[in-house]
Amino acid sequence: MTSVKRLFVLLCGFEIIPKTVSTYQIGARFIISVPISAYLLDTDSGWVLFDTGLDEANLRDRDKLDALYLSKGWDPQPVIKPHHELERQLNEIGIGFGDISTVILSHLHADHTGHIKHMKQAKFIVAQREWDFVKSGEAPYYFFDSDYDLPGLNWEFVSGDTQLMDGLTIIATPGHSPGHQSLVLELPNTGPVVIAADVGDLMINFTDEILPGGMTDQAEALASIRRINTVVAEKQAMLFLTHDPELIQQIKLAPEYYD
């Protein structure tokens, strides 16, 4: 039995990064374009969004672009075209920001938190450890507190693995960030799916156990890669990532879906 009926993959733009951001100390000469992905679940309990993409408004306001990106060294800036905008993609599915009942955040990097501000009616689920980190004052520049430090939001803080409903479980996968978490879900026809988010940007992170370039703890990052590999193998699951530029061209994108 599963409460998850459909899975939509939302392509929310691209980031232009040194390959070493994705593969630790490998590929320093190369610049790659990686997608920014979010995932929408149609469930018996309402619409559930896993991550919210990057706020394109910050890129189109010159002062915010300078303050949040260029002056910090996030250059070149991400690319978000109109057809990448999250609201437009939701509208093409037939819903809007106001229809989202639950938002699960893999972590609080800016390319995952951009549209929290538009869904204040939703419940927001994040790892307690991630929240404690951003509140410690130690979070680096690519955590935008303006995305999530907002009044009136309904936060739910979780620790470890958490089953949200039949067929949908959060699993703890720290390492890329202190409180990073992934999803394991079951679809009626597709079967088991694992959404690893940023445990590894690229499939090679998993096939070759290559650490991500961006991480807060090497041992945890490797353990999380191995955990994802174990879950995928045991469940014979499809594996989805957030930033793999080849995978994103091989899978169905919204408004198509997996069921």
Side-chain angles (χ1 to χ4, degrees), residues 1-4 7 37-41 43-52 100-109 111-113 116 119 122-140 143 145 147-149 153-187 191-201 205-206 209 211-212 214-243:
M1 296 291 293
T2 180
S3 296
V4 184
L7 168 66
S37 304
Y39 291 86
L40 179 69
L41 308 179
T43 81
D44 292 338
S45 300
W47 292 98
V48 177
L49 186 62
F50 185 46
D51 290 336
T52 76
I100 305 298
S101 60
T102 303
V103 177
I104 306 165
L105 295 159
S106 63
H107 60 304
L108 295 177
H109 288 178
D111 52 342
H112 300 258
T113 60
I116 289 173
M119 295 172 280
K123 176 174 66 177
F124 294 90
I125 302 175
V126 70
Q128 182 70 61
R129 189 176 171 195
E130 189 80 359
W131 190 254
D132 291 345
F133 179 65
V134 299
K135 289 299 183 179
S136 72
E138 298 177 4
F143 288 82
D145 59 3
D147 279 350
Y148 49 78
D149 191 7
L153 295 185
N154 177 18
W155 289 100
E156 179 178 329
F157 304 109
V158 297
S159 298
D161 298 352
T162 305
Q163 182 174 5
L164 300 182
M165 61 185 76
D166 289 340
L168 181 59
T169 299
I170 295 171
I171 63 170
T173 49
H176 174 66
S177 71
H180 188 282
Q181 50 193 16
S182 304
L183 286 189
V184 179
L185 58 106
E186 183 84 22
L187 289 167
V193 172
V194 174
I195 308 176
D198 287 13
V199 171
D201 287 352
N205 292 112
F206 299 92
E209 292 190 353
L211 290 171
M215 56 186 160
T216 54
D217 187 286
Q218 289 191 15
E220 287 187 331
L222 180 57
S224 291
I225 287 171
R226 289 174 172 169
R227 183 175 195 198
I228 292 293
N229 282 339
T230 297
V231 173
V232 168
E234 288 179 347
K235 292 183 174 292
Q236 297 186 351
M238 291 185 67
L239 175 60
F240 290 101
L241 311 179
T242 307
H243 297 303

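Here the structure is a predicted model, which means the values were calculated and not measured.
- Under the 4.5 Å side-chain criterion, counting only non-hydrogen atoms from C-beta, L222 is in contact with L211.
- Aromatic ring pairs are classed by plane angle as parallel below 30°, tilted from 30° to 60° and perpendicular above 60°; the pair F124 and W155 is tilted.
- Counting only distance, with no hydrogens or angles, the side chain of T216 and the backbone of G175 share a donor-acceptor pair below 3.5 Å.
- S182 and A196 get closest at one heavy-atom pair: OG-O, 3.2 Å.
- Atoms CD and OG, on E220 and S177 in that order, are 9.5 Å from each other to the nearest 0.5 Å.
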Checklist entry - Checking side-chain contact (heavy atoms from CB on, under 4.5 Å) for the pair I195/L7: CA distance, chi angles, key distance, verdict? => result CA-CA 11 Å; I195 308 176; L7 168 66; 4.2 Å; yes

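- Between H112 and H107, the ring-plane angle classifies as tilted under the 30° and 60° cut-offs.
- The backbone N or O of L105 lies less than 3.5 Å from a partner atom in the side chain of Q181, making a donor-acceptor pair.
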Checklist entry - When you look at V158 and I125, which way does the side-chain contact (heavy atoms from CB on, under 4.5 Å) test go after all the steps? => result CA-CA 7 Å; V158 297; I125 302 175; 3.9 Å; yes

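- F206 places a side-chain heavy atom less than 4.5 Å from the side chain of V199.
- Side chain of N205 to main chain of I225: no donor-acceptor pair is present (N/O by atom type, distance under 3.5 Å, no hydrogens or angles).
- For the atom pair CD1 (I228) and CG (L241), the distance works out to 9.0 Å, reported to the nearest 0.5 Å.
- Note that CG of L168 is 10.0 Å distant from CG of L187, once rounded to the nearest 0.5 Å.
- The two atoms that bring L108 and Y148 nearest to each other are O-CE2, 3.9 Å, heavy atoms only.
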Next on the checklist: Before you tell me yes or no, could you show the steps for E130 and F143 under side-chain contact (heavy atoms from CB on, under 4.5 Å), namely the whole-Å CA-CA distance, both residues' side-chain angles and the distance that decides it to 0.1 Å?
Outcome noted: CA-CA 11 Å; E130 189 80 359; F143 288 82; 3.5 Å; yes

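- Taking CG from D198 and CE from M215, the interatomic distance works out to 13.5 Å, rounded to the nearest 0.5 Å.
- Looking only at side-chain heavy atoms (C-beta outward), H180 and S224 stay at 4.5 Å or farther from each other.
- Considering only heavy atoms from C-beta on, T242 stays 4.5 Å or farther from S106 through its side chain.
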Next on the checklist: Before you tell me yes or no, could you show the steps for D147 and T52 under side-chain contact (heavy atoms from CB on, under 4.5 Å), namely the whole-Å CA-CA distance, both residues' side-chain angles and the distance that decides it to 0.1 Å?
Outcome noted: CA-CA 10 Å; D147 279 350; T52 76; over 6 Å; no

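- Under the 4.5 Å side-chain criterion, counting only non-hydrogen atoms from C-beta, L164 is not in contact with V48.
- Looking only at side-chain heavy atoms (C-beta outward), D44 and M165 stay at 4.5 Å or farther from each other.
- Contact check for D161 versus I170: no side-chain heavy atoms found under the 4.5 Å cut-off.
- Taken to the nearest 0.5 Å, the CG atom of L183 stands 12.0 Å off from the CZ atom of F240.
- When all heavy atoms of L49 and D51 are compared, the closest pair comes out as CG-O, 3.1 Å.
- Of all heavy-atom pairs between F133 and E138, the closest is CZ-O, 4.0 Å.
- Residues D166 and E186 form no side-chain contact, since every pair of their non-hydrogen atoms from C-beta on lies 4.5 Å or further apart.
- To the nearest 0.5 Å, the span separating OG1 on T162 from CD1 on I171 amounts to 11.0 Å.
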